[in-house]
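What you see below is based on every heavy atom in this structure, not just the backbone, and it leaves out hydrogens, waters and symmetry mates.
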Amino acid sequence: MSAVVRPDGDRHAVLALTAGARDHGAGHDYLVQHSAGSGKSNTLAWLAHRLSSLHDGADNKVFDKVVVITDRRILDKQLQETIYQFEHAHGVVVRIDQNSQQLAEALAGEQARIVITTLQKFPFVTEKIGSLPNRSYAVIVDEAHSSQTGDSATALKAVLGAKTPGTQTDEPPNPAEDALAEVVAARGRQPNLSFFAFTATPKARTLELFGRYDPVTDRHEPYHLYSMRQAIEEGFILDVLANYVTYKRYFRLANGLTSDDQEVEKGKAAVALARFVDLHPSNLDQRAEIIIEHFRTVTAGKIGGQGKAMVVTKSRLHAVRYLAAVQRYLDKKQLTGIRALVAFSGSVADPDVPGDPVTESGLNGFPESQTKQRFHNEGQLLIVAEKYQTGFDEPLLHTMYVDKKLEGVKAVQTLSRLNRIHPGKEDTFVLDFVNTAEDMKEQFAPFYESTWTEETDPNLLYNLQTRIEDHHVIDPAEQQAAVAAFLLGNDASHAAVTENVDPAVVRAGNLPDHELA
């Protein structure tokens with residue numbers, strides 16, 4: 001069976017998942033593919049609440065406990081606040097960050113129905129549940145928040161799609177991910193445990209672990225799908241590819257050239273090519289100039305003057321050097337209204353610059369834990385290396401400058417940082433120095449729309465033509481005259497088009513209602 005798809009993704013996801021759990025009981029897995037930024041937090045909260053009180057057709061409780069696995073503190077708070085709207089009894093919802101003993105008691109006890117805990121505790125949760133075969137558990141796992149590198153992101157990737165030993169992937173091997181993924185894959189179907197896995201960009205391994213197999217298509221598919229296309233059409237997110245421009249194309253647009261120019265005045269071409277050579281981003285100083293000039297002339301005026309931008313770099317060293325290049329240009333032009341921050345993990349030493357290794361906190365001048373909020377409050381440009389390319393929600397982020405090869409899921413996750421909506425935010429912009437438009441469209445294609453449809457029957461068009469002709473509404477001579485006038489495309493032809501189209505409109509208006517259908 002194909003993935004369930006409905007316009008009302010939030011409500012329908014909860015109804016579809018609870019219906020599946022009610023009909024089939026514990027011991028089944030459900031993969032939910034929801035586009036990033038489409039309001040998944042509410043879906044998680046509602047689902048946790050509904051599963052905690054779900055009963056089957058015989059009025060037996062389906063799950064004794066609901067466990068929510070997450071690494072985002074804000075989401076923990078949202079979950080608690082949303083669920084507390086339904087559950088006012090003390091102790092029904094329990095959040096556990098560190099204490100394993102407290103977590104064990106919550107999982108085995110009677111009072112707590114919903115347990116919210118961190119990714120680091122995932123192995124402990126699965127082990128504890130395995131020792132309680134007489135109780136049933138629903139485990140909701142959210143993958144969308146691996147914005148930071150480190151243990152939590154490692155655990156999360158392992159839970160939702162890391163390769164097991166022997167599996168070929170394009171990702172570098174990680175022993176911790178491999179080991180944990182092997183445990184998840186080898187556990188088989190446990191009759192007392194159901195997984196509800198949420199992801200915006202499922203990998204093949206994720207589908208194998210948590211998706212459902214369709215024998216007709218011979219594929220694993222998500223149980224519920226809320227596609228990127230649906231989210232865009234319904235206004236939950238913005239289309240980040242609508243204004244995606246490569247640097248080569250950006251140069252042409254900036255200089256009034258297009259790929260189909262037949263002739264360009266020699267002098268104009270010489271000036272344009274000279275500027276292209278001068279501005280071609282062959283080093284970071286030139287790219288920094290392009291970025292700052294675009295930001296201050298375009299992005300800074302977006303979203304009521306609150307527009308922000310992100311620079312995606314190849315490595316931590318590139319991020320450090322980009323920050324230096326940006327600051328040099330800001331100082332050179334005495335531009336004091338733009339503050340650039342940097343985000344990367346650990347420390348890095350620049351072999352061309354003497355001194356000790358630098359860190360994110362040292363370069364920014366405040367603790368790493370404050371980067372996200374300080375960028376929201378006072379920053380305009382955030383230069384990143386891996387960090388904040390996933391799970392980073394900043395609605396004021398309007399523009400992204402990409403200086404890194406992006407492929408597959410990472411391409412979608414990175415550009416999707418721009419798609420959050422905000423009052424006054426009408427569009428987004430991507431200036432890509434490295435990737436091609438064709439490659440980026442290819443990366444987005446699997447996640448943009450996953451619905452299937454039958455091929456259009458060309459006979460439908462011919463049948464419609466026959467029905468129209470049978471009513472003698474269109475006169476062939478008038479049709480030819482109208483088309484000829486339209487193709488002329490000048491002001492004088494407009495009257496001729498109207499003159500030859502209006503009689504058909506009048507004849508159609510005189511037809512009986514039953515013939516207009």
message = So, using salt bridge (Lys or Arg N to Asp or Glu O under 4.0 Å) as the criterion, who are the partners of Asp350 when residues are at least two apart?
response = Arg321
message = For Glu407, is there an ion pair with Lys410 - N to carboxylate O distance below 4.0 angstrom?
response = no
key: Over all atoms of both residues, closest heavy-atom pair of Ser416 and Arg420   = O-NH1, 3.2 Å
Under the side chain to side chain contact (heavy atoms under 4.5 Å, CB included) test, residues paired with Val505 that sit two or more places apart = Val501
key: For Ile292 against Leu335, the heavy-atom pair lying closest together   = CG2-CD1, 3.8 Å
message = Between Thr313 and Ile383, is the side chain to side chain contact (heavy atoms under 4.5 Å, CB included) condition met? List the steps.
response = CA-CA 7 Å; Thr313 69; Ile383 303 168; 3.8 Å; yes
ask   = For Tyr401 and Ala309, which heavy atoms make the closest approach, and how far apart are they?
value = CE1-CB, 3.7 Å
message = With heavy-atom distances below 4.5 Å as the criterion, would you say the side chains of Leu382 and Thr371 are in contact?
response = yes
task = Would you mind reporting whether Tyr223 and Asp29 have side-chain heavy atoms less than 4.5 Å apart?
result = no
key: Sequence neighbours excluded, every pair satisfying ring pair (Phe, Tyr, Trp, His ring centres under 6.0 Å) that has a member inside residues 318-337   = none
key: Residues Glu360 and Arg316 bridged, charged N to O under 4.0 Å   = no
Candidate pair Asp285 and Glu289, rule side chain to side chain contact (heavy atoms under 4.5 Å, CB included), full reasoning = CA-CA 6 Å; Asp285 282 312; Glu289 177 182 352; over 6 Å; no
message = Under a 4.0 Å threshold between the charged nitrogen and the carboxylate oxygen, would Lys314 count as salt-bridged to Glu386?
response = no
inquiry  = With heavy-atom distances below 4.5 Å as the criterion, would you say the side chains of Tyr388 and Glu394 are in contact?
reply    = no
inquiry  = Would you say that Gln389 contacts Val312 through its side chain, given a criterion of any heavy-atom pair below 4.5 Å between the two side chains?
reply    = yes
task = Evaluate side chain to side chain contact (heavy atoms under 4.5 Å, CB included) for Val311 paired with Leu381, printing each intermediate quantity in order.
result = CA-CA 7 Å; Val311 182; Leu381 199 64; 4.0 Å; yes
Distance (rounded to the nearest 0.5 Å) between Leu284 CG and Asp403 CG = 7.0 Å
task = Would you please name every residue forming a salt bridge (Lys or Arg N to Asp or Glu O under 4.0 Å) with Lys405, sequence neighbours left out?
result = Asp439
message = Could you tell me if Asp432 and Tyr244 have a donor-acceptor pair between their side chains, going purely by distance under 3.5 Å?
response = yes
inquiry  = The criterion is side chain to side chain contact (heavy atoms under 4.5 Å, CB included); which residues satisfy it with Ala21, sequence neighbours excluded?
reply    = Tyr30, Leu51, Leu54, Phe63, Phe196
task = List the atom of Pro222, the atom of Gln33, and the distance in Å for their closest heavy-atom pair.
result = CG-OE1, 3.7 Å
request  = Give a yes or no on whether the backbone of Pro395 and the side-chain of Lys425 come within a donor-acceptor separation of less than 3.5 Å.
outcome  = yes
query = Which residues satisfy the side chain to side chain donor-acceptor pair (under 3.5 Å) test with Ser347, sequence neighbours excluded?
reply = none
ask   = Does Arg417 use its side chain to pair, donor to acceptor, with the backbone of Phe392 at less than 3.5 Å?
value = yes
query = Gln479 versus Asn500: any side-chain heavy-atom pair under 4.5 Å?
reply = no
request  = Please tell me if the side chains of Val430 and Val245 come closer than 4.5 Å, counting only heavy atoms from C-beta onward.
outcome  = no
request  = Apply salt bridge (Lys or Arg N to Asp or Glu O under 4.0 Å) to Glu426 and list each qualifying residue two or more places apart in sequence or on a separate chain.
outcome  = none
ask   = Between His376 and Leu396, what is the shortest heavy-atom contact and its length?
value = CE1-CD1, 3.9 Å
task = Sequence neighbours left out, what passes side chain to side chain contact (heavy atoms under 4.5 Å, CB included) with Pro423? Give chain and number order.
result = none
Residue among Thr299, Val298, Val240, Asn243 satisfying side chain to side chain contact (heavy atoms under 4.5 Å, CB included) with Phe429 = Asn243
query = Between Met400 and Val402, what is the shortest heavy-atom contact and its length?
reply = CG-CG2, 3.8 Å
task = Name all residues meeting the side chain to side chain donor-acceptor pair (under 3.5 Å) criterion together with Thr246; count only those two or more places apart in sequence or in a different chain, and write none if there are none.
result = none
request  = Using a 4.5 Å cut-off on heavy atoms from C-beta on, say whether the side chain of Thr428 contacts that of Asn419.
outcome  = no
inquiry  = Test of understanding: with side chain to side chain contact (heavy atoms under 4.5 Å, CB included), list the residues that count as partners of Arg50, not counting sequence neighbours.
reply    = Val14, Leu15, Thr18
remark   = Distance col, row Leu238:CG vs Ile421:CD1, nearest 0.5 angstrom, shows 7.5 Å
remark   = With sequence neighbours left out, the residues meeting side chain to side chain donor-acceptor pair (under 3.5 Å) with Gln443 are none
ask   = Charged N to carboxylate O below 4.0 Å: is that the case for Glu378 and Arg339?
value = yes
Salt bridge present between Asp427 and Lys302 (N-O < 4.0 angstrom) = yes
task = Please confirm whether the backbone N or O of Phe375 pairs with a side-chain atom of Lys308, one donor and one acceptor, at under 3.5 Å?
result = yes
query = For His422, what residues pass the side chain to side chain donor-acceptor pair (under 3.5 Å) criterion, not counting sequence neighbours?
reply = none
query = Quick one: does Leu363's side chain get under 4.5 Å of Leu323's, heavy atoms only?
reply = yes
